[in-house]
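Along the sequence shown, residues carry numbers from 1.
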Amino acid sequence: MKCPFCGHPESKVIDTRPTDEGERIRRRRECLRCAKRFTSYEIIETTPLMVAKRDGSREVFSRDKLLSGMIKSCEKRPVSLSTLEEAVDSIMATLQNGMEREVPSTLVGELCMEKLKSIDQVAYVRFASVYRQFKDINSFLEELKSILENEEKKEDS
């Protein structure tokens with residue numbers, strides 16, 4: 001690390017501490033030439049995750065947008081915010097662990113529905129009705145029948 005005082009290219013690290021919930025590391029350094037001390041911060045460089053929408057447009061993945069959609073689907077349901085935040089974190093980890101830097105919005109929606117299905121079935125149906133754009137009551141009923149059949153299979157096992 002180049003010294004900001006004398007420009008010498010070498011320094012030694014005296015102290016290292018995590019900051020911002022471990023997102024950054026603060027390093028206290030001492031120049032090997034002039035012995036002056038200075039602080040540097042180290043952060044992980046991330047490439048933004050892009051979402052390819054159905055209409056062909058692209059936008060940066062937004063954790064807040066995903067959480068907001070899940071909160072709306074869980075409105076007036078006994079689901080805690082921390083549960084939804086954990087679900088969003090899990091979805092984000094799945095997307096970031098994939099090697100793709102651009103993911104289709106359909107994948108994000110499917111992962112979200114999968115999480116909501118295990119959290120609250122009513123919230124899942126609410127989200128699915130918007131996400132899958134049910135055209136009529138029959139398509140809505142088909143989804144409900146599918147949920148009931150899966151529940152029956154679980155009970156029989």
Side-chain angles (χ1 to χ4, degrees), residues 1 4 13-29 37-157:
M1 176 71 58
V13 176
I14 298 168
D15 182 40
T16 300
R17 295 181 189 186
T19 62
D20 301 337
E21 299 175 4
E23 297 295 319
R24 298 190 312 166
I25 295 179
R26 177 186 176 272
R27 298 196 192 277
R28 195 72 182 131
R29 298 176 176 270
R37 293 182 177 190
F38 59 98
T39 302
S40 65
Y41 291 90
E42 186 177 304
I43 61 169
I44 295 174
E45 183 177 62
T46 58
T47 305
L49 184 63
M50 299 298 291
V51 177
K53 313 268 295 186
R54 289 179 185 166
D55 65 2
S57 65
R58 285 161 173 64
E59 66 181 47
V60 176
F61 176 82
S62 169
R63 180 187 192 284
D64 293 337
K65 189 173 179 181
L66 179 59
L67 181 60
S68 174
M70 292 179 79
I71 288 171
K72 286 177 189 169
S73 65
C74 292
E75 197 170 289
K76 297 184 181 179
R77 299 294 305 154
V79 178
S80 70
L81 182 58
S82 62
T83 300
L84 293 178
E85 287 176 333
E86 287 173 18
V88 169
D89 289 343
S90 174
I91 292 167
M92 284 183 62
T94 300
L95 295 172
Q96 289 173 339
N97 288 338
M99 298 310 289
E100 299 297 320
R101 292 295 102 208
E102 183 174 295
V103 296
S105 61
T106 53
L107 175 61
V108 177
E110 293 297 326
L111 290 171
C112 186
M113 286 195 305
E114 186 180 302
K115 289 291 179 188
L116 283 172
K117 196 176 218 179
S118 65
I119 293 170
D120 186 278
Q121 290 182 343
V122 172
Y124 162 76
V125 171
R126 287 178 178 170
F127 188 90
S129 69
V130 173
Y131 174 72
R132 292 201 174 135
Q133 301 172 344
F134 292 148
K135 302 290 184 231
D136 56 25
I137 194 72
N138 290 328
S139 55
F140 196 79
L141 285 171
E142 286 175 27
E143 187 66 33
L144 292 174
K145 285 178 187 175
S146 170
I147 292 171
L148 289 172
E149 287 171 5
N150 286 337
E151 284 298 309
E152 288 174 3
K153 286 179 186 176
K154 285 180 187 176
E155 289 175 6
D156 292 341
S157 298

Value for CD1 (I91) from CD (E110), rounded to nearest 0.5 Å, stands at 11.0 Å

On a heavy-atom basis, which atom in I43 and which in R24 lie closest, and how many Å separate them? CG2-CG, 3.0 Å

Please name all residues satisfying side-chain contact (heavy atoms from CB on, under 4.5 Å) with D55, sequence neighbours left out, ordered by chain then number. K53, S57

Test salt bridge (charged side-chain N to carboxylate O under 4.0 Å, His left out) applied to R58 and E102, step by step: CA-CA 9 Å; R58 285 161 173 64; E102 183 174 295; 2.9 Å; yes

Flag if over 12 foreign heavy atoms under 6.0 Å of CZ, R54: yes

State the NZ-CG distance between K115 and L66, to the nearest 0.5 angstrom. 11.5 Å

Given side chains that start at C-beta, do those of V60 and M50 come closer than 4.5 Å, heavy atoms only? yes

Let me confirm one number: the CE-OG1 distance from M70 to T83, rounded to the nearest 0.5 Å. 9.5 Å

If the threshold is 4.0 Å, N to carboxylate O, is there a salt bridge linking R63 and D89? yes

With distance as the sole criterion, is a donor-acceptor pair present between the side chains of R27 and S40 under 3.5 Å? no

What I'd like to find out is whether the side chain of T39 reaches to under 4.5 Å of the side chain of R29, using heavy atoms alone. no

Is it true that a side-chain atom of T94 and a backbone atom of S90 form a donor plus acceptor pair closer than 3.5 Å? yes

Listed by chain and number, what are the side-chain hydrogen bond (donor to acceptor under 3.5 Å, both in side chains) partners of R37, not counting sequence neighbours? E30

Heavy-atom nearest pair, R77 first then S73, reads CG-O, 4.4 Å

Does a donor on one side chain and an acceptor on the other come within less than 3.5 Å for T19 and R26? no

Locate the shortest heavy-atom distance separating V51 from P104; write the atom from each residue and the value. CG1-C, 4.4 Å

Spacing of E42 atom CD and I25 atom CD1 [to the nearest 0.5 Å]: 5.0 Å

Would you say the side chain of L95 lies within less than 4.5 Å of the side chain of L107, judging by non-hydrogen atoms? yes

Kindly say whether E75 contributes a backbone atom to a donor-acceptor pair with the side chain of R126 at under 3.5 angstrom? yes

Pairing residues for P4 by the side-chain contact (heavy atoms from CB on, under 4.5 Å) criterion, not counting sequence neighbours: F38

How many angstroms lie between SG in C112 and CG in L67, if you round to the nearest 0.5 Å? 9.5 Å

So V103 and F61, do their side chains get closer than 4.5 Å, heavy atoms only? no

